[in-house]
Protein chains: 4
Amino acid sequence: MVRYKKSEEKRKQILYAAFQALSGQGYDAVTLQMIADHAQVSKGVVHYYFASKEAVLIELLEWLTSRIYLKEHEAVREQETAAGKLAAYIGSAFVSPEKNRAFYRVYLDFLARASRIPAYREINQRFYDNCTSISTEILLLGQKEGMVSPHLSAEQTAPQIRALIDGCLIQWLMTDEDALHETYRQSCEEAVRKLLGI
Amino acid sequence: MVRYKKSEEKRKQILYAAFQALSGQGYDAVTLQMIADHAQVSKGVVHYYFASKEAVLIELLEWLTSRIYLKEHEAVREQETAAGKLAAYIGSAFVSPEKNRAFYRVYLDFLARASRIPAYREINQRFYDNCTSISTEILLLGQKEGMVSPHLSAEQTAPQIRALIDGCLIQWLMTDEDALHETYRQSCEEAVRKLLGI
Amino acid sequence: MVRYKKSEEKRKQILYAAFQALSGQGYDAVTLQMIADHAQVSKGVVHYYFASKEAVLIELLEWLTSRIYLKEHEAVREQETAAGKLAAYIGSAFVSPEKNRAFYRVYLDFLARASRIPAYREINQRFYDNCTSISTEILLLGQKEGMVSPHLSAEQTAPQIRALIDGCLIQWLMTDEDALHETYRQSCEEAVRKLLGI
Amino acid sequence: MVRYKKSEEKRKQILYAAFQALSGQGYDAVTLQMIADHAQVSKGVVHYYFASKEAVLIELLEWLTSRIYLKEHEAVREQETAAGKLAAYIGSAFVSPEKNRAFYRVYLDFLARASRIPAYREINQRFYDNCTSISTEILLLGQKEGMVSPHLSAEQTAPQIRALIDGCLIQWLMTDEDALHETYRQSCEEAVRKLLGI
DNA sequence: AATGAATGAGTATTCATTCAT
DNA sequence: GATGAATGAATACTCATTCAT
């Protein structure tokens with residue numbers, strides 16, 4: 001329905017505004033007024049579409065992580081070889097300094113909350129599962145291609161890969177140097193290759 | 001002098017209280033009252049020893065990261081072989097579910113702030129540098145022992161190792177399962193071995 | 001517009017409440033809660049209409065001094081002779097024990113601040129300029145009527161007149177005797193007459 | 001006794017420090033710490049010599065006003081003619097831009113308090129009485145010399161003179177221009193002459 | 001006498017949330 | 001649907017005062 005659609009659009013608009021505001025300010029420093037300003041709506045509207053500030057942020061985490069996953073999934077799907085998929089995965093994880101900075105700032109806020117609040121943890125777990133499925137797919141294809149040892153356990157390797165990606169991107173974020181983004185990407189890719197024994 | 005010492009002790013007492021409070025609550029959810037309560041002093045005392053809430057937290061980050069480093073450094077120093085040092089490093093990074101949870105909750109809060117505020121970033125950078133020096137020491141010894149390929153670049157590998165450790169511990173933290181701590185430790189150690197080609 | 005008007009009304013309501021509260025308590029002893037209570041609004045409302053306590057008080061000084069001037073100006077305008085205007089000026093300056101007490105208590109607070117803070121000083125200067133314009137008008141008319149010596153300098157006499165009025169009203173305020181208000185008024189008027197040589 | 005004397009000296013030292021601090025900051029902005037700093041003693045000392053912050057300030061008002069009176073009295077006593085005494089009185093009231101600024105800043109703070117608190121009012125009343133006695137002395141001598149009309153009432157004129165002096169010095173203070181100090185002094189003296197019919 | 005550590009009451013300010021329009 | 005005025009709970013911070021040393 002039009003009504004629903006319009007409503008959904010405004011929700012997305014607010015979520016995106018929340019993402020921008022959150023990326024600029026921290027989790028608690030962000031106010032509903034800032035989110036409303038970014039979305040160019042009145043403060044009341046935010047509460048009209050979301051039950052509370054917490055609700056906005058929970059939904060934002062869901063939206064963000066699923067969007068990230070979809071992009072990574074899409075990038076990997078377009079490649080046919082394990083090597084290609086791997087490069088695509090890393091490449092889409094290290095999408096750009098600007099986007100990585102915006103996302104990881106917010107993601108660190110979320111992880112901090114997730115370490116204390118189960119609701120956030122569950123959302124993050126779905127993200128991890130999705131990431132694991134990507135790595136697993138690559139690994140299994142690699143084994144089929146004969147590039148990756150058949151003894152390598154996907155169950156163990158897949159999380160290691162995500163740990164490396166997140167660990168490297170956090171390290172890069174801490175350097176505050178856009179120029180090093182590419183360096184970290186390469187280093188991460190090489191490390192992942194070593195994990196896969198490629 | 002006694003006077004000075006007393007003062008320093010109380011500062012430490014407050015910092016430790018802040019650590020406990022911060023680990024329980026998030027960065028912004030923590031109040032000076034909570035910190036004072038944990039330290040069993042009055043609210044005014046916190047302000048007597050620290051200029052502001054921010055000052056407490058900045059100093060806490062310094063204190064925490066240097067303490068972690070010292071423990072890791074100590075553990076590594078006690079070992080003589082590269083393999084021993086590596087196991088000691090990983091072992092002291094994965095010290096225990098309780099301590100890791102307490103620290104990484106707070107550390108994630110700090111990383112989130114560090115992604116926006118240079119002062120925090122600088123402190124974290126010193127921590128990274130210290131961690132790098134540990135990994136580098138292990139790697140160089142490994143090369144001397146002939147266990148590690150002489151072609152391996154410490155400059156590149158050391159950060160990868162820390163990225164893995166942090167990435168794995170964050171993943172473990174998100175599982176909220178003490179029982180998995182050991183699993184993640186082993187997985188991390190194996191992954192680090194692969195990076196070193198051991 | 002209605003919206004704007006409503007907003008302005010509430011601002012005035014808060015300013016008047018601030019005046020009452022300030023007159024009762026001193027400048028710093030007054031709290032936003034007291035102002036809110038006098039205005040019969042919640043504490044938050046004061047901050048909704050004014051950026052800070054300081055902003056309320058700055059605006060109050062402007063409002064008060066311009067209101068005093070307007071009343072004096074009005075009273076003088078209604079008279080046609082210099083003698084009549086002079087009596088009207090003094091009469092409206094010595095309006096009543098209650099009002100003079102309320103105003104001069106607050107005004108002394110403001111003068112104390114103005115002696116240190118330029119922003120207050122500027123507002124007071126505008127008030128002085130307005131008072132000077134009233135005295136000057138009376139003096140010039142008196143010269144036209146032949147009552148006042150043509151050699152008398154308005155530039156010098158006008159400030160002297162205000163100095164006398166303020167000086168006398170402060171003295172009266174210090175007596176804390178409503179009954180003496182009229183005495184001080186007469187004494188002030190006679191003194192002003194001597195300055196004008198009437 | 002030595003003990004008493006020493007004690008009295010320290011009290012004076014603290015009072016003078018309070019005067020300096022008060023002149024710089026406002027009445028409420030001043031803290032006991034600032035007073036202690038100015039007096040180069042510890043915070044505890046202030047409380048050792050004075051029961052409370054209020055007590056310091058009450059005593060300061062007494063000390064200041066009696067000191068001002070003594071200086072004016074002294075200056076007047078040294079002159080023999082009414083004209084000389086008048087000039088000496090005005091001259092010592094307009095002692096210097098620096099001293100007048102320091103005193104009137106503090107005095108306005110005190111007047112603001114005196115308008116609400118009887119204890120301050122009483123101290124100020126003694127000051128007024130002393131000032132009146134000076135003016136009265138001058139006026140009576142003037143009448144004896146035949147310079148001042150015998151019909152002039154000292155009771156009425158003396159307060160007018162003080163009103164002018166205070167009114168003019170407050171006006172000067174509000175200009176924040178040291179250069180205008182002399183202008184205001186002259187204007188005040190001329191105005192006082194007119195009140196005396198000289 | 002002197003110190004300064006400790007206390008805690010008090011206050012401005014912020015902001016999520018509510019609700020009348 | 002949308003607005004923004006109003007609310008009041010929550011909190012960092014200040015500072016006079018106390019008191020052990």
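In the text below, chain A, chain B and the rest are named by the order of the sequence lines, each starting its count at 1.
- The distance between atom CD of D:E8 and atom P of E:dA1, rounded to the nearest whole Å, is 12 Å.
- No salt bridge links C:K12 with C:E9; every basic N to acidic carboxylate O contact stays at or beyond 4.0 Å.
- Judged purely by atom type and a 3.5 angstrom limit, D:S115 uses its side chain to pair as donor or acceptor with the backbone of D:A112.
- Among the duplex regions that DNA chain F forms, those built from at least three successive Watson-Crick or G-U pairs under 3.5 Å are E:2-21 with F:2-21, ordered by first number.
- A donor-acceptor contact shorter than 3.5 Å links the side chain of D:R116 to the backbone of C:S23.
- Side-chain contact check for B:Q25 versus B:T31: every heavy-atom pair is 4.5 Å or farther apart.
- Other residues, nucleotides and ligands contribute only 12 or fewer heavy atoms inside 6.0 Å of the CD atom of B:Q40.
- Aromatic pair B:Y107/B:F110: centroids not less than 6.0 angstrom apart.
- Rounded to an integer number of Å, the gap from OH of D:Y48 to P of F:dT21 is 18 Å.
- Here the closest heavy-atom approach between residue D:K53 and residue D:V30 is recorded as NZ-O, 2.8 Å.
- Nearest approach of D:I35 to D:A21, heavy atoms of both residues: CG1-CB, 4.2 Å.
- Minimum heavy-atom separation, B:I170 to B:L108: CD1-CD2, 3.9 Å.
- Residues D:A39 and D:Q13 approach most closely at O-NE2, 2.8 Å, considering heavy atoms.
- Contacts of residues 31-43 of chain B with DNA chain F (heavy atom under 4.0 Å): B:T31, B:L32, B:K43.
- Taking atom CD on A:E9 and atom P on F:dG1, their separation rounds to 12 Å, with Å as the unit.
- Nucleotide F:dC15 holds its C1' atom 15 Å from the CD atom of D:E54, rounded to whole Å.
- In this structure, CG of A:L57 is placed 10 Å from P of E:dT17, rounded to the nearest angstrom.
- Within residues 14-24 of chain B, no residue has any heavy atom under 4.0 Å from DNA chain F.
- As rounded to whole Å, 12 Å separates atom P of E:dA16 from atom CG of B:D28.
- The shortest distance between the side-chain N/O atoms of C:Y49 and the OP1/OP2 oxygens of F:dA6 is below 4.0 Å.
- Using a 4.0 Å heavy-atom criterion, one finds that C:V30 contacts the sugar-phosphate atoms exclusively.
- Comparing D:G44 and C:H47 along DNA chain E, the residue whose closest nucleotide (by nearest heavy atom) sits nearer the 5' end is D:G44.
- Summarising the geometry of C:R11 relative to C:Y49, their closest heavy-atom pair is NH1-O, 2.8 Å, with the distance given to 0.1 Å.
- Here E:dA12 presents its C1' atom at 14 Å from OH of C:Y27, a figure rounded to the nearest Å.
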